[in-house]
Amino acid sequence: MHASLFPLRLALRSAACLASLAAALCASCATVFPLPMTASALAAYDSGPALVAYLGQPDASPAVCDLRARTPHPAAFDDEIRGALVDGFIDGKIAPAIWQRCIDALAKSLAPADATSLFDRLMQSYAQLLTDSDLSTDPSLADRLNTLHRLYLDRTAKVDARAEVLAPIAEELRSKLAKKKLGALAAQFAQELLATLELEKGNWQGRAVDLPQMDALAAVGNEMTLTRFSRRLPTAAMRNEARHRLLRIHIALSPFDEVRAAAAAVEDAVIRDGHNRIDLSAHPVQRAWLDAAQVPVRGVLVRQDLWKKSATLLAYSAARPSLSVLPEISFRGGLLAELQGVSRPVTLCGRKRALDPTPCLLSSDVALDHPLAYLDQGGAFHFRDQVAMSDVLPLAAGDFFELPIEIGGKPAVSLQWGLEFQRPADLLFTGANAGDRGPAVQLRVEVGNPRRFVFRAGDYASVVDAADIGGYLAGSRGAQGDTGSDGSDGSDGSDGDECGDGGSGGPGGDGGDGGPGGDGGPVQVSVDCGNAPAQACIASRSILRRAVVSLGGAGGPGGSGGAGGRGGAGGSGRPASTHTDSDGNTVTDDPGCSGGTSGIDGMPGSDGAPGPAGRPGSVIFDAP
Amino acid sequence: MRKIASEIRRGVNNHMVIFAALLSAGLASGCATPYAYTFHLTDPGVQSASGGDRLENDDVDAQLWVDARGAQAVVLSLRNKTGQPLQVRWSDVVLIAPGGASSAPRPDADLGWIEPDGTQTARLIPFVLPDRGDAAAAYEGKTFELQVPMLVRRTLVIARYHLAAHVEKAR
C-alpha cells in the first residue's frame, strides 16, 4: 500500500508556485509562514498565528495542542496563543474537527485557571455566534456554532467557564427565548444549552434526576441522554450510575458473544480501565491486516538541508496537489487482528469515555518498528519530522517508507508508503578564499539501491533519486578568482569664466583585471554497489562519471572602468551695453558675449578583463 | 481657499465611494435573488413517497426529507425491520457537503434504540444553506452525503444517503 508517486513533481512545482503567490498576495499581511509547517517548526515559531497556520494544514496533528505530548508544541499556551486559537476557528481558518480535538487536548493539559480562561473565551464566542443574524443562512457559521456547542456540552466535568461569564449568557438566552427573538436554529441550540445547565444542577426536563429515571432510559436504549448524564450531572456518584447504565446498553448490543456472556466482568473492567483490553498472552495473534480505507496512505518526501546536515520529512498524496505534514496514525479501526479464542477481529481501544466493551488492543500493545516513529499521548503514532541527515540515510536503501507493525512484540503486518528524496544542493566543496584551489575530496557513493545515489564526503551526505541525478554535481571546485579593482573616476572639467567655455572632463581609469579562478582539487571516488546487479553497478558508475567533478573556479570578474569626469559648465554670457551720444547716435560700449559651451565629458575607463578560469582537477574512481 | 475647495471635493468623493460600496454590498446581499431548495435522494432503489423519498433494504426502511427553510434540518425516519433493537449512533452522524466539508448534525431531541418493527424520526440539525445570490445558486445539482452509522443485528453498518439539491428562484 503506497501513495502514487506521479503527483509529486507536480506537487513540488505547485508548492513553489503557491508559496510565491501567497508571498506576493500577503506582502502586506502581518505574518506569512512558509507551508508546509512541521510540528518542530511550529514549536520554534511559538506563536498564536503560527499555531493557526499549522492547524490549517491537511494532516495537521492536534497533538501540538497537548502540553503533555512528546510531539513538538508551543512552549506554553498563554493568553495570546489561546486567543489566536479561538479567533482562528471563529474566523474559519481552522477546520472544526481538528480544532475540536485540539481544544480537547489543550483543556486536559492546561493548568485549571488557564482552562477556565479558555472556556470563558469559548463561551463568549459561542454567545456571539448564537445571536449572529447570518446563522440561518451561513453553513460554515452554523457548523462552527455546532462545534462550539458540542465541545461545551461534551467537555469533561473538570472544566468550565466562570459563573460570571455563563450567567449573563444564560440570562440573555432565556430572555430572547421568552420573547421569541431567536431564529428556529438558534432557539434549538439555546434550549439544549439551558437544559444542560439545568442538568448540571441535577435536573432534567423539570424533575430531579434519579436512578429509576436512568433505568427507564437504559431500558429503551437511550444512550444520548445517559451520555449527557454521565458527563454533566453534578456529582461523581450520579455520573457513575449513568456510566454503568450506558455501558450496559453497549454490552447488550455488543456483537461479541463472550462480552454479553461475561457482562458483569466486562462492566467492571470497562468502568475501571475505560476499555476491555485483550490479554495477548492468553489470546495470541493469529492473523493481522490493515483496512486500506481506514489507514492514511501517503508518500514521504525527504527535504534535505545538505550543509546543515538535517532533513525535513513531509507528506504527499495522490488526493491533493500540495505537500503537507506527515499524518499521525491511530490504527484504531485500521489495524485488525484475529486472536485465538476471540470470536471476531479486534482493533485498538477507543477513548475511555466512550465506554466501549468491545475487546480491544491497547496502543501500547502495538509498536511501529521504525526509528522515526513514536507513540504519543492519545494513542496515535507520530513521526519525527525534523531530523539529522544521519537519521534518514538508512531510508535510502529501500524503495519505500516501510512501517512494520508489531502486535504484542511480534511482527504482524507492514504498512508501505512511497518515498522520495527531494533533489538536494550540489555536494561541491569549494576553496575557502578567492582564487583558492578546491579542497581534496574523498567521495563515497552508495548505489546498492539503483533508485538512489547516496553521496558521502566527510560528515556531509546527500541522497539523490535516480530521476534527479542528471545535472547533479558532487566533488571539488576551485574558488572564484578575485574581482578586479574598479577604475577611478575622471576629474570634472573646470567651469568656464564669463563668456568662456567649460573645460573637458578627465578620462576614467581602467578597471583592473579579475584574478584567476582556483583549480579544482583532486577527487577520489569509491563506489559501493552493495548487492546491486553487476549491470546496474556499471550503469551507475557511468552516470557518476558525469556527476562527480573537479571544476576550476570561475575567473574573477574584471573591475569596472571609472566614469569619465563631467565636462565643466560653460561660463555665463554678457549682454551688450550702449549709450547715446550728443548727436543722438547709439554707441556700443561693449558688444557683450554669448555664454560659453560646456566642456566635453571625459571618456569612461575600460572594464577590466575577467580572470582566467581555474583548471579542472583530477577525478579518480576506485575502479574502472 | 483652494485647499478648502480640495477638501470639499475629496469629501464628496469619499461619500460617493462609500455610497457605491453600500450599493454594491446591498446588491450582493440584501438585494440578491432569493432561492428555494428542494432535495431528492439519488440512491438506487429510491421511491418517492408523500413524506419524502424512501429507501428500503432487508433491515431498514428509511424516509428522508429536508426542511431547508423552516427548522433547517434533515428529517430522517427509520423503521427497524429486524427482530433485534437497532441502535443508531446519532452522535456520529456525518454530513458531507458538495465541496467535501463534513459536519456533524445531531437530532434535536435525545433518542433511544429502535425496537423491532418500531419507527423513529430524527430531525438532524443544523442543516443550513445560503438563501440568496450566487452562493445559493451554486448548489444546483450538487449532492450531499448523509452517513448514518447504526448497529443492525449487532453489526456496525454505515448507511449512506445521497441528497441532490435543486435550487430555484423563490416565488
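Below, chains carry the letters A, B, ... as their sequence lines are ordered, and counting in each starts from 1.
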CG on L95(B) to CG on N146(A), rounded to 0.5 Å: 11.0 Å

Stepwise side-chain contact (heavy atoms from CB on, under 4.5 Å) check, I249(A) with W113(B): CA-CA 10 Å; I249(A) 295 176; W113(B) 58 37; 3.9 Å; yes

Residue D134(B) excluded, over 12 heavy atoms near CG under 6.0 Å: no

Worked verdict on L135(A) versus V128(B) for side-chain contact (heavy atoms from CB on, under 4.5 Å): CA-CA 8 Å; L135(A) 179 62; V128(B) 168; 5.9 Å; no

Min side-chain heavy-atom separation L185(A)-I125(B) under 4.5 Å: yes

Contacting moiety of A219(A), where chain B heavy atoms sit under 4.5 Å: backbone

side-chain contact (heavy atoms from CB on, under 4.5 Å) between R344(A) and T155(B), intermediate numbers included: CA-CA 11 Å; R344(A) 290 167 166 265; T155(B) 301; 4.1 Å; yes

Option that, when pairs with chain B are counted at under 4.5 Å, heavy atom only, ranks first among P139(A), A195(A), A184(A), A95(A): P139(A)

Heavy-atom donor-acceptor pair, Q87(B) side chain to L253(A) backbone, under 3.5 Å: no

Heavy-atom contact with chain B under 4.5 Å, split by part of F256(A): neither

Smallest separation among heavy atoms of R154(B) and P255(A), with atom names: O-CB, 3.0 Å

K81(B), NZ: over 12 other non-hydrogen atoms inside 6.0 angstrom: yes

Contact origin within L111(B) toward chain A - heavy atom pairs under 4.5 Å: both

Chain B contact via S254(A) - which portion, at a heavy-atom distance below 4.5 Å: backbone

Whether R228(A) side chain and D110(B) backbone form a donor-acceptor pair below 3.5 Å: no

Portion of R260(A) that has a non-hydrogen atom of chain B nearer than 4.5 angstrom: side chain

Among the listed options A135(B), S103(B), A136(B), P130(B), the residue most often paired with chain A at heavy-atom distances under 4.5 Å: P130(B)

Residue part contacting chain B, namely of E192(A), when any heavy atom lies under 4.5 Å: neither

Criterion side-chain contact (heavy atoms from CB on, under 4.5 Å) on R123(B) and Q188(A), from CA distance to verdict: CA-CA 11 Å; R123(B) 303 173 64 82; Q188(A) 293 278 3; 5.6 Å; no

Contact origin within R153(B) toward chain A - heavy atom pairs under 4.5 Å: neither

